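Numbered from 1 within each chain, the chains take letters A, B, ... in sequence-line order. Because the structure is predicted, anything quoted here is derived from the model rather than measured.
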2 protein chains.
Amino acid sequence: MASIKDVAAEAGVSVATVSRVLNDHPSVSSDARTRVLRAVAALGYRPNAVARSLRTDQTRTLGLVISDVLNPYFTELARSVEEEARALGYSVIIGNADERPDLQDHHVRTLLDRRIDGLLVSPTDGGSPLMLDAARAGTPMVFVDRWIPGVEVPVVRADGQSAVRDLVAHLYGLGLRRLAIIAGPAATTTGSERVRAFRTALAEYGLSLPDAYTGQGDFQAESGRRVTEGFLDLPEPPEVVFAADNLMALGALDAIRARGLRVPDDIALAAFDDIPWFVHTDPPITAVAQPTGELGRAAVRALVDRIEGRPPQSVTLPARLVVRRSCGESPTATTPTTTTPTTTTAAATTASTATNRSMP
Amino acid sequence: MASIKDVAAEAGVSVATVSRVLNDHPSVSSDARTRVLRAVAALGYRPNAVARSLRTDQTRTLGLVISDVLNPYFTELARSVEEEARALGYSVIIGNADERPDLQDHHVRTLLDRRIDGLLVSPTDGGSPLMLDAARAGTPMVFVDRWIPGVEVPVVRADGQSAVRDLVAHLYGLGLRRLAIIAGPAATTTGSERVRAFRTALAEYGLSLPDAYTGQGDFQAESGRRVTEGFLDLPEPPEVVFAADNLMALGALDAIRARGLRVPDDIALAAFDDIPWFVHTDPPITAVAQPTGELGRAAVRALVDRIEGRPPQSVTLPARLVVRRSCGESPTATTPTTTTPTTTTAAATTASTATNRSMP
DNA sequence: CTGAAAGCGCTTACAG
DNA sequence: CTGAAAGCGCTTACAG
């Protein structure tokens with residue numbers, strides 16, 4: 001592979017001049033410039049980014065450590081992060097922690113070894129010492145979605161409180177009173193916050209959240225299934241299961257069907273994190289939707305601000321409730337009768353986005 | 001950040017000795033070794049991978065260019081690729097081409113500039129000249145899933161022919177005769193191959209594939225919707241729509257529902273590429289399943305073989321048919337009656353994997 | 001076993 | 001405007 005020396009030789013100039021042309025340095029004669037450019041084209045020369053990084057001490061690369069790539073929420077987040085990063089001239093390397101602290105550590109370490117310019121993290125558990133050390137040592141860092149309290153790192157996230165309140169209002173309006181939640185890991189902020197928001201909203205309606213109606217999940221489908229089975233085994237099972245993320249909702253759906261029960265007739269189901277597939281499940285699932293793409297973009301902007309010496313900003317964006325059919329007919333729905341599944345399906349999915357009736 | 005010089009100073013040895021300790025070079029006295037290790041720990045030293053790469057001319061990094069991260073098939077592929085790469089001591093940088101040739105080019109270029117040790121590609125269109133030049137210039141490369149004929153690059157992919165034949169047998173057995181396909185881009189191998197396999201299988205049953213029943217999609221949901229609308233507008237619409245990938249199948253499902261039609265009663269639906277969500281759609285979708293994880297791992301092994309000087313091997317793995325309810329009751333099913341949706345649902349999803357009845 | 005030195009491919013003050 | 005030279009942080013023949 002041709003190096004800058006080859007180009008210099010071919011163009012009959014020094015490597016310094018080649019470098020200047022390549023970096024658009026103003027003081028280069030137009031004659032030298034054309035000769036260099038010609039040589040570059042002739043040799044198919046491409047600057048070695050590794051060498052450039054070593055010299056300039058910047059890699060134009062961002063690290064993104066997420067907790068589970070297979071979760072569509074994080075896939076979409078990753079996608080929007082890459083998009084915005086690319087627009088700003090950065091590449092991104094994704095590390096998938098798979099909800100495993102050791103893997104999270106592995107990726108943080110690898111990313112740091114590669115001297116990425118900044119790190120975007122959605123911490124899996126309380127966050128590793130490694131990560132916190134890096135933040136303290138001055139590695140530009142921004143938390144997305146999940147964060148770690150008490151650390152001097154900007155946070156870009158969604159606030160689901162009012163959407164969860166809307167959800168509880170919706171459920172209450174449907175006459176539902178026994179509401180249960182499948183929680184995420186308490187060590188994650190999203191895990192604990194969603195339970196808190198739910199409990200607070202219930203309290204506003206004079207409802208409580210008994211321990212029996214609080215199941216401990218880990219954001220993966222299997223835990224949703226397990227917890228739901230526990231709920232169904234209760235002498236008095238809940239009327240609604242609210243899963244703190246989309247994968248656990250799917251597990252819950254499996255568990256419910258495995259008993260031969262129907263959603264929403266026998267038990268209602270709702271989820272935190274809306275994903276395109278929820279329009280297509282049977283029935284379509286009511287969910288709290290985060291502005292995922294916007295979160296990813298805002299996180300990148302905050303991180304790049306930090307990297308390039310501008311003051312970074314924490315951002316909190318509102319989530320919103322998307323009502324579908326998994327909790328029963330909304331009292332505000334125009335169809336007063338218990339419609340047949342078929343009719344409702346057809347009506348509810350004229351266009352997938354049109355299905356999203358936000359709460360007033 | 002501490003450099004090797006700092007460690008050397010702290011340990012009272014030369015940088016050469018530090019380097020030897022770090023790289024497990026045998027000829028280091030145990031005294032020197034312990035002093036270096038102590039210094040490394042004291043300073044929290046981590047070798048700079050950029051500098052190391054420049055010197056050794058290897059980055060221990062693989063590039064993976066896929067056509068669409070939001071497609072669960074590719075997400076899973078990416079995940080398995082990263083897993084196997086990690087096991088072999090490599091990192092992977094993912095580039096999402098979003099089915100756009102220009103983006104594919106962007107990522108190939110960026111990856112090459114970063115001097116990745118090898119490239120895993122699922123080409124978006126016919127493949128860019130850039131990519132082919134790189135392959136010819138000796139960049140270790142392996143195609144996964146899609147490939148480009150006539151290039152000296154190992155291919156790791158699934159063969160769907162027999163699964164597609166099983167699908168057609170299944171449909172034929174259900175009495176269906178008017179079968180249509182939503183094709184992928186003809187420029188991609190998977191786009192053209194799947195149509196060919198379908199046509200061949202139809203021929204075995206004395207059925208033809210008229211032009212009107214061949215719609216041109218682009219592997220994205222929206223195209224599935226559009227093509228399906230065209231099918232439904234036909235004077236004699238097909239009885240079955242087979243989508244060449246999972247996203248187009250979802251688009252088809254939308255289009256069908258938008259007309260107030262039911263699957264499978266009014267029209268049957270099947271897809272290439274099985275994904276976890278297909279168990280949860282209404283109805284669960286019959287699909288041709290690729291051994292995605294195995295493909296990803298095999299691709300990495302082939303690439304690393306190539307990188308490390310061993311002869312790489314092309315691999316073709318069989319896909320298999322997974323029958324669900326979107327084409328109607330299988331004639332081999334035990335329930336002879338037209339079961340109510342509810343009962344079937346409950347019975348069919350006792351466990352999500354138990355639903356997968358492979359064709360005999 | 002150990003260290004001084006060269007060199008990977010760049011960028012960038014410095015001098016002219 | 002241009003080039004010689006230093007240096008980024010490593011690894012590795014070479015000499016001892």
Side-chain angles (χ1 to χ4, degrees), chain A residues 1-37 39-40 43-61 89 109-117 137 139, chain B residues 1-37 39-40 43-61 89 109-117 137 139:
Chain A
M1 190 153 265
S3 85
I4 195 170
K5 277 189 203 164
D6 303 315
V7 177
E10 173 83 13
V13 298
S14 72
V15 296
T17 298
V18 175
S19 177
R20 290 197 187 94
V21 171
L22 262 22
N23 293 290
D24 285 319
H25 189 100
S27 51
V28 180
S29 69
S30 70
D31 172 54
R33 182 179 310 278
T34 53
R35 275 161 55 212
V36 167
L37 260 19
V40 164
L43 298 173
Y45 170 73
R46 295 249 82 213
N48 182 330
V50 175
R52 180 177 282 180
S53 290
L54 179 60
R55 179 55 230 246
T56 61
D57 200 34
Q58 52 171 8
T59 52
R60 304 285 307 174
T61 303
R109 197 186 330 270
T110 305
L111 258 9
L112 256 21
D113 285 355
R114 284 164 191 277
R115 302 298 192 264
I116 42 115
D117 293 340
T139 305
Chain B
M1 191 153 264
S3 85
I4 196 170
K5 276 189 200 163
D6 303 314
V7 177
E10 172 83 13
V13 298
S14 72
V15 295
T17 298
V18 175
S19 177
R20 289 198 187 94
V21 170
L22 262 22
N23 293 291
D24 285 319
H25 188 100
S27 52
V28 180
S29 69
S30 71
D31 173 56
R33 183 178 309 277
T34 52
R35 276 162 53 212
V36 166
L37 260 18
V40 165
L43 299 174
Y45 170 73
R46 295 248 85 212
N48 182 330
V50 175
R52 180 178 282 180
S53 290
L54 179 60
R55 181 54 227 247
T56 62
D57 200 33
Q58 55 172 4
T59 52
R60 304 285 307 174
T61 303
R109 197 186 330 270
T110 304
L111 259 7
L112 256 21
D113 286 354
R114 283 163 191 279
R115 301 300 191 263
I116 42 115
D117 293 340
T139 305

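Atom CG of residue B/L22 and atom OG1 of residue B/T17 lie 11.5 Å apart, to the nearest 0.5 angstrom. Note that the OG atom of B/S53 and the CZ atom of A/R115 stand 11.0 Å from one another [nearest 0.5 Å]. In this structure, CG on B/N48 lies 11.0 Å from CZ on A/R114, to the nearest 0.5 angstrom.
With the 3.5 Å cutoff on both pairing distances, Watson-Crick and G-U pairs in DNA chain C assemble into runs of at least 3 at C:1-3 with D:14-16, C:5-12 with D:5-12, C:14-16 with D:1-3.
Taking atom CZ on A/R115 and atom P on D/dG9, their separation rounds to 9 Å, with Å as the unit. As rounded to whole Å, 11 Å separates atom C1' of C/dG9 from atom CG of A/D6. We find that CD of B/Q58 is positioned 13 Å from C1' of D/dC10, with the value rounded to whole Å. With rounding to whole Å, A/L43 atom CG is found 14 Å from C/dG9 atom P. One atom, CG of A/N48, and another, C1' of C/dT11, lie 13 Å apart when rounded to the nearest Å. Taking atom CG of A/D113 as the reference point, atom P of D/dG9 lies 15 Å away to the nearest angstrom. Atom-to-atom, CG of B/L54 to C1' of C/dC8 comes out at 4 Å; the value is rounded to the nearest Å. The separation between A/I4 atom CD1 and C/dC8 atom P is 13 Å, rounded to whole Å.
Judged by distance alone, the side chain of B/T61 and the main-chain N or O of B/T59 form a donor-acceptor pair under 3.5 Å. A donor-acceptor pair is defined here as one N or O able to donate and one able to accept, closer than 3.5 Å; no such pair exists between the side chain of B/S19 and the backbone of B/V15. Formation of a donor-acceptor pair under 3.5 Å by the B/N23 side chain with backbone atoms of B/H25 is not found in this model. The main-chain N or O of A/Q58 is never found under 3.5 Å from a side-chain atom of A/D117 such that the two would form a donor-acceptor pair. Although no hydrogens or angles enter the test, the distance criterion places a donor-acceptor pair under 3.5 Å between the side chain of A/T56 and the main chain of A/R52.
DNA chain C is contacted by A/A16, A/S19, A/R20 of residues 11-20 of chain A, taking any non-hydrogen atom closer than 4.0 Å. Taking a 4.0 Å limit (strictly below) on heavy-atom distances, residues 23-36 of chain A reaches DNA chain C at A/N23.
Contact detail for A/V50 and B/L54: the closest heavy-atom pair is CG1-N, 3.7 Å.
Under the rule for a salt bridge (charged side-chain N to carboxylate O under 4.0 Å, His left out), B/D57 has no partner lying at least two apart in sequence or in another chain. The salt bridge (charged side-chain N to carboxylate O under 4.0 Å, His left out) test applied to B/R35 returns B/D31, not counting sequence neighbours.
Separation of the C1' atoms belonging to C/dT12 and C/dG16 is 16 Å when rounded to the nearest angstrom.
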Please tabulate, one pair per line, all N/O donor-acceptor pairs under 3.5 Å involving side-chain atoms of residues 3-10 of chain A, not counting sequence neighbours.
unit_1: A/S3; atom_1: OG; unit_2: A/K5; atom_2: N; d: 3.1
unit_1: A/D6; atom_1: OD2; unit_2: A/S3; atom_2: N; d: 2.7

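Phosphate contact (OP1/OP2 of D/dT11, side-chain N/O of B/R52, threshold under 4.0 Å): present. Taking side-chain N and O atoms only, A/K5 has a distance below 4.0 Å to OP1 or OP2 of C/dC8.
At the heavy-atom level, B/D57 lies nowhere under 4.0 Å from the strands shown.
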